[in-house]
Structures are given as structure tokens and as C-alpha cells.
Number of protein chains: 2
Amino acid sequence: MARSAEPSLVLTFLSRMGLAEAETYPLTGRFLKGRLRRAMSDSEKALVESLVESTQRYKEPARLLARGELAEQATLVIEGLVTRTIYQEGRRFIVGLQVPGDFADLNGFALKRLDHDIVTLGNTLVGFVPHARLEQVLADNPEVTRLLWFASLVDAAIHRQWILKLEQLTAPRRVAHIFAELWYRLDLVGLGRREVLRTPLTQVDLADMCGTTAIHMNRALGVLKREGIAEFRRGAVYIPDRRRLEQFAHFHPEYLYGEGGPRNAA
Amino acid sequence: MARSAEPSLVLTFLSRMGLAEAETYPLTGRFLKGRLRRAMSDSEKALVESLVESTQRYKEPARLLARGELAEQATLVIEGLVTRTIYQEGRRFIVGLQVPGDFADLNGFALKRLDHDIVTLGNTLVGFVPHARLEQVLADNPEVTRLLWFASLVDAAIHRQWILKLEQLTAPRRVAHIFAELWYRLDLVGLGRREVLRTPLTQVDLADMCGTTAIHMNRALGVLKREGIAEFRRGAVYIPDRRRLEQFAHFHPEYLYGEGGPRNAA
DNA sequence: CGTTCCCTTGAGTAGTTTCAATACTTGTGG
DNA sequence: CCACAAGTATTGAAACTACTCAAGGGAACG
């Protein structure tokens, strides 16, 4: 605060650290970043990196795993977004969203078959981890097992927050919450930008996440724009005042388990 | 089908097995019952039983663990119901429900602090498992670790279904779904009854699970009654035709991972 | 026998869906 | 370069679903 040069130096230093990590662990450098990653040893990080057998890029939306199908590998999101989707009676419902650093279907390891589809959005890079390798981790490495378990529990915490959001908020606040959460999660893994959030999302996607129709979502976004809270234009979200957005959305980031524990995450 | 005596003999045999299990493992006999329990060895069952350090009965609703508090033990539901509850801005939101055989806060083991409260409903018996014992399991027993992980992933699957339900259904169908799910889950652990479901739930509880007001919940229950789908009277749910209830609620039990895999669970 | 908690009903308002119609954007082929 | 198609976004009006405020009824417990 006193010396104006300090904060930016610290930031530079941190972002350099982040960069170095991204170079050493190009595939899994964002796994648990902003959460327990700081507590991981180099050998643990190397082990996790070695779990990825292959990678695949999808330029178009692709269904990586369908509901009920036998899962034989887990999918790590490296770039882009992946949704957990349920198709029912001709409609699509999005029940989860995964960002880089997340496993999209770690639950498939213990559950064998998923209750939902795994679908990429936009331009996405994913890594595949054969279940046999996770089996090895489970047998040999309690600490990394705990980390994987932790990651799947954070997903469950996010699910609970979505339930709360759907129980509590009207459509404009629901989208606002999506924006706030997405921004925060991208920040955690070092992908946050200032004032603008670029996503491959459409208004239909947002509607399917918020349990509203696309038409009503359009009007909800209109409210956010008129109120000066957020403007959505073909995937880009312009947010003039982050604090106002978070307040409007009743967003409290503790449930994301960012660094510093659930109390005062960045 | 051909010999009419056979099915009831089989049922008797199975229920005797269940009874025996309940005697040998009075505390944890319902853990993963109807799911992976059949695949558990006797030594695994004994190990799980030995995890419970103490039990406690609550005749009144009690908050076992508050949001943000450091969790030092996990809570196994033995009798009664336990909710995952979030209090916010003077309102209560229920984001999860646990039945006998479920851990109410297994996530507390890896997460340390919960994002929600754990609250008992009605007359409830719970068992406490110190985290230190789970630590031992994680270090020594990959197979039981996998079972615990599995259990927490089933909870996450139920969360996703609640999200779907909130996105998709109107209030009458939401409660109907609660009833259908609850009945099915009680069945899995051997607590299902014919035609009537006795619960400690009030209309306010149901409202807080469905994201509606108590008043609207009352009207939604009125619809179910008029349609002859279910009648709710002070916690007792009378269901004349289970199939009709499930159809009305769009209930598809695969997500509960009952025996036989996600495709054709009982 | 009254207090408390739980449930019920009515009327007006707010939020959301549906149906219908129109426009913008992007990419493609002529 | 234009025309066209497909996906995406926008607007209006009527119908439906849910919320709020207000009042009252019923069962259970001391």
C-alpha cells in the first residue's frame, strides 16, 4: 500500500511462477491451482502430469462420453470449457461446467458409468487419463488419491451452490451468478482477465444452465445490461464493477475452496 | 413366475440376509446397501463397522456441524434423516438429504470445512467416525477408500439430479420427485414400506428443498392429492400407484446407482 | 385450555413461458 | 461480391406459475 511499486512486483513474480508451472507441467499445471496445488510436492505434480496418456483438441462441440456408457478414462480439461449435460424429452439441461484444470468426469472412475453426458464447448483441449493409471494411484499413493478425491468434492460443492442458486434466485441473478463463478474459477487457475470474460457460451447455453428459456434469458441479460451490471455480447461478458456483480448475484466464493480456506479465498 | 411360491421364498431369504447383516453390523449395516455392499468382503464390512467411535441420538432437530467450522469427524446416518442446509438472508435452503447408510459429511474429511450446515430432522441416530480413522483407511486400504469415494460421488450424482429437477420441473413435480427419490433410497437400504412413506418432514421442509414458498408447496401438494398421485399428511406420504408417481415426477432411478448398475437398478 | 407449530385459503402482484414474428451474424457457394 | 442458410439474438402479447400479504383453521403439547 505504502510503496506503490510493490504490488505490481509481487504480481509479476506470481505470474512468472505461474508461467514456469505451465511450462513444467503443460497439461496439468492448472490442476488444483489456486487450491491445494501450492501444497503439492514436485514429485506429486510430476506424477499427476504423467497420468495423462494423450491429448485431443476439439474445435467443434463434441460429446466425449455419453450417459450410461462405460467410462475407461478420465478427461482433464486443459483449455476451453466442458459441460455436464443431460438430454431429456427433447430438451437439454446443463448441470455442471468445468474449466481448465478440472477433471470433467473423475466420477467415472469410481462410478464406472455416468448419469450425464460430457460435452465440450467451443475450442477445447483435453487430456485423457486411463483409469488403470488412477487405479495405480489409488493403490500406491494415498496423498494424490486424497487430492483427486478433494477435486471431486469441490465439484460437488459447486453442484450444491447451483442448487442453492436455483432455489433462491431469479433469472437475472442466476446468470449473474454464473458469470461471477466462472470469472472466479478462471482467476483461480490464472485465466482471469480484467473487465471482460471471453467464453464460447451462447444465450441458449446460459438458459440451459439457469433452468430458463432462451427467450427469458435474453430478457434477463437485458436487465443486467440496463442495470450496468454486465453486458453479454456473443460470448463476451463485459463487467464494469465486479463487486456490484457479485453483490447482485449473492455470490460468496467460499464454496469454491480457493486458497486460504473457505473463509477468505482471494 | 411359474411357481408362485418361489418369489416370496426368495424375498424371505433376502430379508433374512438383511436382518443378519443388521445384527452383525448394527451401525454400518446399511452403508452402500443396495449398491456396492454385496461386493464387500466380511473384513471390509468389519473395518467399516469399526470406524464408528461413538453414536448419538437426537430427538430434536440438531445442527451437527456448521458451515465453515473445522470438521474433525464424519457423521454416519443410522436412523432418521439428515439435511444439508444453507441459511442465507434469513431464509433456509435445503441442498441435500441423507438417509440411513449415508455419510452426512464425508466431504468434510478432504475439504476440512463445509460449505453448508449438517442438520438432523426428527428422531435421528448417528455414528461418528473420527477423521484420524479415515486417514488410516486412506493410507492402508485402497479398496475401502474407493468405497468411501464412491459414496461421496453418489451424493454428487444426487446433487446433479436435484439441479436437473429444479431446472426442469414445476413445483408439484418437484415434490413428487422428492417423494419418489426418498422412497427409492429407503428401499435400497431396506427401509421401504408399501404405499406409505413415514417421514419427519414438514411442508416447510419440502418447500425449502424445492425452492418454493411453504404456501405454494401447500398448493402443489393439493395438486398431487387431487390428481391421486400422492397425499401428504403431517409427514406421512400415501402413494396409491408408485409407477404413476414416478412418471409424473420424471423419476429415472439410474442416477442413484442401485444394484445392477445405472441401467436397470431395482 | 391456551400456546405453538403446522397447515389452508383468497386475492393481487411479480416472474416466467409460450407462441409468433423479426433481425442480426457468420460462413458458404455461386 | 451477393445470396442464402443456419445459428443466434430480440421484441410483443397472452397465458401460466409462483410469490407476497393477510387471515384463519387444526392438531399436538404442556
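First the proteins, then the strands, lettered A, B, ... as listed; each starts at 1. If you're wondering where the values come from, they're calculated on a predicted model, not measured in any experiment.
Spacing between atom CD of B/Gln168 and atom C1' of C/dT17 amounts to 15 Å, rounded to whole angstrom units. When the P atom of C/dT16 is taken as reference, atom CG of B/Leu166 falls 14 Å away, rounded to whole Å. Rounded to an integer number of Å, the gap from CD of B/Glu60 to P of C/dC5 is 11 Å. Counting to the nearest Å, the P atom of D/dT10 and the CZ atom of A/Arg233 are 10 Å from each other. Rounded to whole Å, the distance from CG on A/Leu169 to C1' on D/dA18 is 15 Å. What separates CZ of B/Arg234 from P of C/dT4 is a distance of 16 Å, to the nearest Å. B/Arg174 has its CZ atom 12 Å from the C1' atom of C/dT16, to the nearest Å.
By the 30° and 60° cut-offs, the orientation of the rings of B/Phe232 relative to B/Phe179 is parallel. Between A/His177 and A/Tyr255, the ring planes are parallel. Angles under 30° get that label, and only those over 60° would be called perpendicular.
A/Arg67 and A/Asp117 are not joined by a salt bridge, as no carboxylate oxygen comes within less than 4.0 angstrom of a charged side-chain nitrogen.
You'll find the side chain of A/His252 stays beyond 4.5 Å of the side chain of A/Gln161, heavy atoms only. For the pair A/Asn107/A/Leu114, a side-chain contact is recorded, criterion being any heavy-atom separation below 4.5 Å from C-beta on.
Listed by residue number, the members of residues 203-221 of chain B with any heavy atom below 4.0 angstrom from DNA chain C are B/Gln203, B/Ile215, B/Asn218, B/Arg219.
Judged by closest nucleotide on DNA chain D, A/Thr202 is the one of A/Glu167 and A/Thr202 placed further toward the 5' end.
Both cation-pi conditions hold for A/Arg173 and A/Phe248: the charged atom is under 6.0 angstrom from the six-membered ring centre and inside a 45 degree cone around its axis.
Comparing the P positions of D/dA22 and C/dC6 gives an interatomic distance of 22 Å, to the nearest angstrom.
Checking A/Gln98 against A/Arg84 by side-chain atom types alone, a donor-acceptor pair falls below 3.5 Å.
Taking five base pairs at each end of the helix from C/dC7-D/dG24 to C/dG30-D/dC1 and finding the rotation axis that steps the C1' atoms of four pairs onto the next four gives two axes whose angle is 30°, to the nearest 10°.
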